[in-house]
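Okay, structure first, notes after.
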Amino acid sequence: MFNKLKKTIIIAEACENHFGNINNAKKMIRLAKNAGADYIKFQHHIPDEEMLKKVPKSKNLNIYLYNFLKKYSFKIQDHEILKKYCEKKKIKYLCTPFCLKAAYELNNIGVKLFKIGSGEFTDLPMISGILKLKKPVIFSTGMSNPKEIKKMYKFIKKNSFNDFAFLNCTSEYPPDYKDLNLSYIQSMKKKFKDAVIGHSDHTNSIYSSIAAVTLGAKI
């Protein structure tokens with residue numbers, strides 16, 4: 001898939017911003033299509049497979065993340081509805097699984113592509129299981145250092161897997177522009193020649209994404 005790209009892929013992030021409302025999610029799909037995005041990406045959480053019930057709270061949440069996800073996350077049946085709605089609206093459905101069980105559930109509804117978040121990038125048991133599904137994978141690298149990214153690149157290649165992409169990413173929400181380190185895109189292109197290189201952006205504007213494309217980002 002990735003080695004056949006003729007243009008940069010644009011992915012709109014839906015995340016959990018639907019707050020568990022399927023109509024909100026469908027509206028986001030329509031808006032992403034109207035904006036010209038190629039894909040819209042959701043998240044599939046199974047909280048009891050992913051996390052402890054109580055960990056330090058994020059400053060932008062007034063409840064524990066576990067409780068938030070239990071309340072608002074879609075079940076796999078909802079994702080199947082959204083996938084079919086994306087097909088109807090002629091925009092590609094994409095989803096991030098946050099555990100191997102979530103990946104298997106997505107695989108069972110016929111997803112053609114996986115996106116792995118920065119927090120799971122170095123989860124070797126999970127990544128190993130996903131690679132065995134033999135579908136293209138996009139990896140965000142935001143919470144890893146260059147040594148870890150190189151290690152994962154070798155791990156993926158050792159598993160005889162070649163259809164994957166690495167996204168340059170800064171795990172701040174939103175990040176300061178001085179922290180984006182967009183020039184690392186070019187370093188990644190030189191170091192990881194068998195991976196398509198892209199950029200995952202958390203800023204509140206499109207300008208850094210435009211700059212990333214000029215530096216060679218294909219996603």
Side-chain angles (χ1 to χ4, degrees), residues 1-50 69-70 72-121 123-140 152 155-157 159-167 194-196 198 200 218-219:
M1 173 187 171
F2 293 120
N3 57 9
K4 296 179 181 178
L5 289 181
K6 294 182 179 179
K7 71 179 187 71
T8 298
I9 292 173
I10 304 298
I11 301 171
E13 175 65 74
C15 190
E16 299 288 77
N17 296 318
H18 46 71
F19 282 84
N21 185 311
I22 199 81
N23 290 323
N24 286 346
K26 287 182 175 180
K27 182 178 180 180
M28 296 164 84
I29 290 169
R30 295 193 298 272
L31 291 171
K33 173 63 179 179
N34 291 343
D38 301 292
Y39 288 81
I40 181 167
K41 186 178 77 66
F42 293 91
Q43 297 180 352
H44 184 28
H45 288 276
I46 306 176
D48 290 304
E49 295 280 330
E50 300 172 23
L69 294 175
K70 288 288 281 189
Y72 295 119
S73 290
F74 284 144
K75 305 299 183 185
I76 193 62
Q77 296 87 346
D78 301 308
H79 284 286
E80 189 167 20
I81 290 170
L82 295 177
K83 180 175 176 291
K84 290 179 180 178
Y85 192 73
C86 284
E87 292 168 359
K88 178 181 177 181
K89 294 299 178 180
K90 301 189 184 316
I91 184 173
K92 295 182 177 69
Y93 166 91
L94 182 58
C95 193
T96 299
F98 282 82
C99 62
L100 192 52
K101 183 177 180 180
Y104 290 156
E105 289 188 351
L106 290 169
N107 189 60
N108 288 338
I109 66 169
V111 298
K112 298 178 180 179
L113 169 67
F114 289 105
K115 162 67 171 60
I116 303 303
S118 296
E120 287 67 47
F121 179 53
D123 184 342
L124 294 180
M126 177 179 170
I127 300 306
S128 179
I130 288 174
L131 295 182
K132 290 176 182 176
L133 298 175
K134 301 296 183 183
K135 294 184 177 179
V137 186
I138 300 172
F139 296 94
S140 277
M152 291 305 300
F155 177 80
I156 293 165
K157 294 293 294 176
N159 279 268
S160 301
F161 196 83
N162 293 302
D163 204 358
F164 65 102
F166 280 175
L167 304 187
D194 286 337
V196 167
S200 177
K218 301 301 292 182
I219 300 173

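Since the structure is predicted, the reported quantities are computational estimates derived from the model, not experimental observations.
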> With sequence neighbours left out, which residue pairs that include part of residues 21-37 fulfil the side chain to side chain donor-acceptor pair (under 3.5 Å) condition?
Replying inline: Arg30-Tyr85
Would you give the length of the straight line joining atom [atom1] of [X] to atom [atom2] of [Y], rounded to the nearest 0.5 angstrom?
X	Y	atom1	atom2	value
Met152	Leu124	CE	CG	5.0 Å
Ser73	Lys75	OG	NZ	7.5 Å
Thr8	Ile11	OG1	CD1	11.0 Å
Leu113	Ile138	CG	CD1	4.5 Å
Ile29	Lys89	CD1	NZ	9.5 Å
Glu13	Gln43	CD	CD	5.5 Å

Do [X] and [Y] come within less than 4.5 Å of each other through their side chains, counting heavy atoms only?
X	Y	answer
Ile76	Asn108	no
Ile116	Pro97	yes
Asp123	Pro125	yes
Phe164	Leu131	no
Asp38	Lys92	no
Leu100	Glu49	no
Lys83	Leu106	no
Glu16	His45	yes

>> Counting only heavy atoms not in Lys101 (residues, nucleotides, ligands), do more than 12 fall under 6.0 Å from its NZ?
In response: no
> Around Lys88, counting heavy atoms of other residues, nucleotides and ligands shown, do more than 12 lie under 6.0 Å from its NZ?
Replying inline: no
Return the minimal non-hydrogen interatomic distance between [X] and [Y], and the atom names on each side.
X	Y	result
Cys99	Glu50	CB-CG, 4.1 Å
Lys41	Thr96	NZ-OG1, 3.0 Å
Ala103	Leu133	O-CD1, 4.4 Å
Asp78	Ile22	O-CD1, 4.0 Å
Ser140	Lys115	OG-NZ, 2.9 Å

>> Glu105 vs Ile46, test: side chain to side chain contact (heavy atoms under 4.5 Å, CB included). Steps then yes/no.
In response: CA-CA 10 Å; Glu105 289 188 351; Ile46 306 176; 3.8 Å; yes
>> Check whether Lys135 reaches the backbone of Val111 with its side chain - one donor and one acceptor, N or O, closer than 3.5 Å.
In response: yes
>> Any side-chain to backbone donor/acceptor pair from Asn159 onto Ile156? Under 3.5 Å, distance only.
In response: no
>> Assess the residue pair Lys134 and Asp163 against the criterion (salt bridge (Lys or Arg N to Asp or Glu O under 4.0 Å)); give the C-alpha distance rounded to whole Å, side-chain angles, the decisive distance to 0.1 Å, and a yes or no.
In response: CA-CA 9 Å; Lys134 301 296 183 183; Asp163 204 358; over 6 Å; no
>> Using 30° and 60° as the class boundaries, would you call the ring planes of Tyr93 and Phe42 parallel, tilted or perpendicular?
In response: parallel
> Aromatic rings Phe74 and His18: how do their planes relate, parallel, tilted or perpendicular, breaks at 30° and 60°?
Replying inline: parallel
>> Does Cys86 form a side chain to side chain contact (heavy atoms under 4.5 Å, CB included) with Tyr39? I'd like the steps, not just the answer.
In response: CA-CA 9 Å; Cys86 284; Tyr39 288 81; over 6 Å; no
>> The test is side chain to side chain contact (heavy atoms under 4.5 Å, CB included); show your working for Phe98 and Leu69 and say whether it passes.
In response: CA-CA 12 Å; Phe98 282 82; Leu69 294 175; over 6 Å; no
